[in-house]
Amino acid sequence: MRSPPDTSEFDTPSRILMGPGPSMIAPRVLRAMSTQALGYMDPAFLEIMDDIQELLRYTFQTDNEWTLATSGTGTAAMETAIGNLIEPGDTMLVPTNGYFGDRMGKIARRAGGDVVTVDAPWGEPLQPADVAAAFDEHQPDVFGFIHAETSTGVRQPNVSEMTDIAHDHDALVLADCVTSLSGVELRLDEWGIDAAYGSPQKCLSCTPGATPLTMNDRAREKVLNRETDTGSWYLDLDLVMEYWGDERNYHHTAPTTNFYGLREALRLVAEEGLENRWERHREVAGELREGLQRLGLDPAAEKEYWLPSLNTIEVPDGVDDTAVIEFLMQEYDIEIASGLGDLEGDVWRIGCMGYSARRQNVACLLTAMEDALEAQNFDVGETPIEA
Ligand SMILES: Cc1ncc(COP(=O)(O)O)c(C=O)c1O
């Protein structure tokens, strides 16, 4: 007989989360998530799902009927989108300019797709001319891109130009909006994006677990007319939509409290107003970017395609990036993160998302960063900032 493990209470430390996600949970979301469970067919719960769909349509700026929350994290939504849109033998075009474009390719390959790439250096966005050349060369069925690349802090501009190219070649466009949804300008229908997913735990300031996903009619037709079943039964959208749509057939038990939280997070977006929220992220992250520049640090992403929700900052020569991260955590209870993939050791990643995107957090982070750099003997004299 095993003896019971230690059951003493774990005192969760109180942190300021300024990393690449999760962001801090909005207090109203926390309260909503502590509400008692409802059955998955309870009319009150179905009403909550209806609310989520309508609020998501607003947040994505889309009229898509197929708009829902996937049960799982961002990667589950990525698997759902790719696994349903890609059939064995289809070709998917993915970018090489960041960690998550690469993940799209890995998932497409597992779905039986042929994966081809459009190249751009890490830290730069895709160029429409390169996308056009890749289309001419490979004739892909689906083009996937990352609207907000969390590994590089790059926001992809020229989205409409890229979707026009894809549609001229009769292809579908899938956008990863994990780090942009509700924090950065995103207009799904106007920009011609056929399918997209976001994240609850970034700019929405909810917990991971129920992830926004949407597809327009063109994408839905492709899913409904597949010659082969989707590889995953759990993530098969045709079946999942039987629960989210009018049929209300049981497919799997919904993550109850995640739905409560997501609904509340989306209500907060609607109350603030999308454009105000985009502007708040730009303003607060702008103060962060300028404050760090004043300390003598350089942003890694050009202002032109800077991503307010995720700021990559170059680690200066002679400074130990990990020591700074540990200092911030130990002395100030602030979380930031190191670089990911190709940029490991070269940059810090500082998030400015949702409930974390507040001036008081920026002020605290700048003070903490100044201390951390001084502890490394880095000269933090006043540095003029870029125009
Ligand atoms: C751009 C992007 N796509 C996908 C994911 C995967 O999301 P998750 O870690 O919630 O599965 C992340 C996670 O940070 C991300 O930043």
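Note that ligands are numbered from 1 as they come in the structure, with each ligand's atoms numbered from 1 the same way. All values reported here derive from a predicted model rather than from experimental measurement.
Closest approach of L262 to A69, counting heavy atoms only: CD2-CB, 3.6 Å. Considering every non-hydrogen atom in both A134 and V118, the closest pair reads CB-CB, 4.1 Å. Of all heavy-atom pairs spanning L38 and F45, the tightest one is CD1-N, 3.9 Å. Heavy atoms only, all atoms of each residue included: H251 and L239 are closest at CD2-CB, 3.5 Å.
Within ligand 1, the atoms closer than 4.0 Å to a non-hydrogen atom of A148 are 1 (C), numbered from 1 in the order shown. Those atoms of ligand 1 that come under 4.0 Å of a heavy atom in G74, given as number and element, are 7 (O), 8 (P), 10 (O), 11 (O). The distance from ligand 1 to the heavy atoms of T179 drops below 4.0 Å at these ligand atoms: 16 (O). Per-residue contacts place Q201 under 4.0 angstrom from the following atoms of ligand 1 (heavy atoms of the residue considered): 10 (O).
Counting only heavy atoms of the protein, atom 6 (C) of ligand 1 lies nearest to T75 OG1, 3.3 Å. Of the protein's non-hydrogen atoms, the one nearest atom 14 (O) of ligand 1 is K202 NZ, 2.7 Å. Ranking the protein heavy atoms by distance from atom 16 (O) of ligand 1 puts T150 OG1, 2.4 Å first. Ranking protein heavy atoms by distance to atom 3 (N) of ligand 1, first place goes to D176 OD2, 2.7 Å.
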With salt bridge (charged side-chain N to carboxylate O under 4.0 Å, His left out) as the criterion, how do R187 and E185 come out once you've worked through the C-alpha distance, each side chain's angles and the decisive distance to 0.1 Å? CA-CA 7 Å; R187 302 174 192 272; E185 183 179 12; 2.6 Å; yes
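In T211, neither the side chain nor the backbone holds a heavy atom less than 4.0 Å from any atom of ligand 1.
For the pair F100 and ligand 1, the shortest N or O to N or O distance does not fall below 3.5 Å.
A 4.5 Å side-chain heavy-atom check between M353 and T179 finds at least one atom pair inside the cut-off.
Take E87 and apply the side chain to side chain contact (heavy atoms under 4.5 Å, CB included) test, not counting sequence neighbours, and it matches D90, R226, E227, T228.
D194 and N216 form a side-chain donor-acceptor contact under 3.5 Å, judged by distance and modelled atom types alone.
Between R103 and ligand 1 there is a heavy-atom distance shorter than 4.0 Å.
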